[in-house]
Amino acid sequence: MKRVTELERCVHIQERTLLKKDQEIAALEEKIKKLQNNKIDSSLQVSQELGIKCQKLQQRVQEMEQFLKDYGLVWVGDDDSSSSSKPDTRTWTSGHSSSTFQPDFDLILQNLQDLNILGGEGKSCIEYRDGGARLISPKPVQLTLYSNGIIMFNGPFRSYQEASTKQCLQDIMDGYFPAELQSRFPDGIPFQVTDKRNVVFREHHSWEEFPGHGQTVGITTSSVQETRELPGLQLSVDQFLNKLPQSVVRAGKVLDIRGPIREVLQEAGAKEKLNEIQVESLLVEEVEKRSDQNIAVSTLRIKSENGEYTYKVRMLESETIGDLRVHLSNCRSSHVNSYEIVSRFPHRVYDDESSTLKQLGLVPNAFLLLRAKGSELSGVQNTPGTNAYSQT
């Protein structure tokens with residue numbers, strides 16, 4: 001009897017629980033119905049609003065066409081078929097563009113002349129100081145145009161395929177200041193432009209970024225110049241230190257700023273000079289003594305295998321690769337044939353010891369590297385006949 005009574009009590013509890021659940025389910029179903037009705041009503045309302053806006057726009061278009069007609073003008077634009085078949089080249093995404101962006105250099109230079117006038121070129125403003133004032137002119141923004149990108153201020157290099165670079169140049173071609181400079185120069189700023197549209201800027205990359213072997217297909221010649229140097233003047237140590245405060249106060253102590261930085265820069269400069277080894281041919285000394293201007297002298301900067309030393313070699317253009325090995329052996333402990341002489345861009349191995357520097361295009365200067373024989377150097381392959389050298 002006790003067990004039966006306990007079971008009956010459990011049955012009554014479960015019946016009340018089921019009844020409560022049924023009530024909750026009914027309430028939720030009612031809410032779902034209300035939400036569905038509201039959604040249908042809202043979609044109908046949005047459709048009606050869009051229909052009204054479309055009618056208003058059509059009416060405005062008709063009024064504009066009638067206005068142009070009154071003055072004898074006709075609106076000429078792309079129709080739906082032509083606009084759908086042509087991609088919009090004025091918009092870009094953050095990904096890769098389907099077509100290569102090529103700016104209009106002449107238009108950019110022309111618009112920058114007008115923008116410089118708006119930016120205050122040639123104007124001066126008064127800067128008040130303690131006990132006096134002076135006239136200052138706005139410092140222009142350095143802009144260098146290359147064949148494959150731009151450099152603004154002091155860098156870094158920005159390719160034409162970057163979305164930010166495209167937008168910056170598109171703003172200039174449209175006759176506006178670049179939007180990216182608005183926060184820094186809200187009233188505009190003049191530009192100092194350097195036109196190097198025929199020069200290709202090559203960014204500095206280490207070989208470790210390019211695994212594997214490079215392959216050369218055919219021989220191509222191009223008159224396009226190349227450079228790796230960033231534009232702008234290089235500051236001397238004193239000029240750099242003058243931009244820093246002489247001292248600062250921290251925790252009640254006066255700390256010298258320029259002194260320790262000067263010591264670090266001088267030590268770095270001395271170390272760099274110690275790692276550069278001067279090598280000069282005896283024939284160069286004889287030519288300089290005779291003051292013979294008809295014989296060209298080539299200056300080669302050659303990095304050692306581990307990159308620790310730089311050999312600055314001065315030779316005549318008529319001397320050969322074999323002569324270069326002899327000059328290097330005078331200041332190196334390794335065997336004369338234990339290494340290869342290579343150039344970095346384009347990659348080439350100089351193994352013909354009878355070829356002169358002039359024949360190889362290593363005049364008036366070039367940058368070369370030494371590589372231990374048998375070691376793997378990514379992307380370097382012997383391609384005889386290719387005018388492969390990197391002029392500095």
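When reading the values below, keep in mind they use all heavy atoms of this one structure, side chains included, and skip hydrogens, waters and symmetry mates.
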Kindly write out the residues that satisfy side chain to side chain donor-acceptor pair (under 3.5 Å) with [X], not counting sequence neighbours, or none if the list is empty.
X	value
Asp323	Thr320
Tyr311	Arg332
Asp171	Gln167

Is any side-chain heavy atom of [X] less than 4.5 Å from a side-chain heavy atom of [Y]?
X	Y	answer
Ile277	Thr310	no
Leu369	Ile341	no
Tyr146	Lys196	yes
Leu283	Glu285	no
Arg348	Leu360	yes
Tyr160	Ile150	yes
Leu145	Thr194	no

Euclidean distance, Leu143 CG relative to Cys168 SG, rounded to 0.5 Å:
7.0 Å

Distance-only criterion, 3.5 Å: show the donor-acceptor pairs between side-chain atoms of residues 44-66 and protein atoms not counting sequence neighbours.
| residue | atom | partner | partner atom | Å |
| --- | --- | --- | --- | --- |
| Ser47 | OG | Ser43 | O | 2.9 |
| Gln66 | NE2 | Asp70 | OD1 | 3.2 |

Nearest non-hydrogen partners of [X] and [Y], listed with the distance:
X	Y	answer
Leu357	Met315	CD1-CB, 3.9 Å
Cys331	Val279	SG-CG2, 3.6 Å
Glu162	Phe157	OE2-O, 4.4 Å
Ala372	Glu305	N-CG, 3.7 Å
Thr356	Glu317	CB-O, 3.7 Å

N/O donor-acceptor pairs under 3.5 Å from side chains in residues 175-191, not counting sequence neighbours:
| residue | atom | partner | partner atom | Å |
| --- | --- | --- | --- | --- |
| Glu180 | OE1 | Arg158 | NH2 | 3.1 |
| Glu180 | OE2 | Arg158 | NH1 | 2.9 |

Does Arg325 qualify as a cation-pi partner of Tyr339, given the criterion of NZ or CZ under 6.0 Å from the six-membered ring centre and within 45 degrees of its axis?
yes

Please confirm whether the backbone N or O of [Y] pairs with a side-chain atom of [X], one donor and one acceptor, at under 3.5 Å?
X	Y	result
Tyr350	Ser355	no
Thr165	Ser159	yes
Asn148	Val200	no
Ser147	Asn198	no

I'd like to check the side-chain contact (heavy atoms from CB on, under 4.5 Å) partners of [X]; sequence neighbours left out, ordered by chain and number.
X	answer
Arg3	none
Gln246	Arg258
Ser318	Leu316

Against Val313, only a single residue in Leu368, Thr299, Leu324 fulfils side chain to side chain contact (heavy atoms under 4.5 Å, CB included); can you say which?
Leu324

Using side chain to side chain contact (heavy atoms under 4.5 Å, CB included), reason through Asp352 and Gln359 one step at a time and then give a plain yes or no.
CA-CA 11 Å; Asp352 186 2; Gln359 292 174 347; over 6 Å; no

Taking salt bridge (Lys or Arg N to Asp or Glu O under 4.0 Å) as the test, write out the residues that go with Glu280, two or more places apart.
Arg314

Salt bridge (Lys or Arg N to Asp or Glu O under 4.0 Å) filter on Asp256, not counting sequence neighbours, yields none

Hydrogens and angles aside, do Ser281 and Glu319 bring a side-chain donor and acceptor to less than 3.5 Å of each other?
yes

Gln110-Asp114 side chain donor-acceptor pair, cut-off 3.5 Å
no

Could you name each residue pair satisfying salt bridge (charged side-chain N to carboxylate O under 4.0 Å, His left out) that touches residues 101-111, not counting sequence neighbours?
Asp106-Arg197

Please determine whether residues Met173 and Ile117 belong to a single hydrophobic cluster, defined as Ile, Leu, Val, Met, Phe, Trp and Tyr linked transitively by side-chain heavy-atom distances below 4.5 Å.
no

According to a 4.5 Å side-chain heavy-atom criterion applied to Ile, Leu, Val, Met, Phe, Trp and Tyr, with indirect links allowed, do Ile172 and Leu107 form part of one hydrophobic cluster?
yes

side-chain hydrogen bond (donor to acceptor under 3.5 Å, both in side chains) pairs touching residues 9-27, sequence neighbours excluded, are Glu6-Arg9

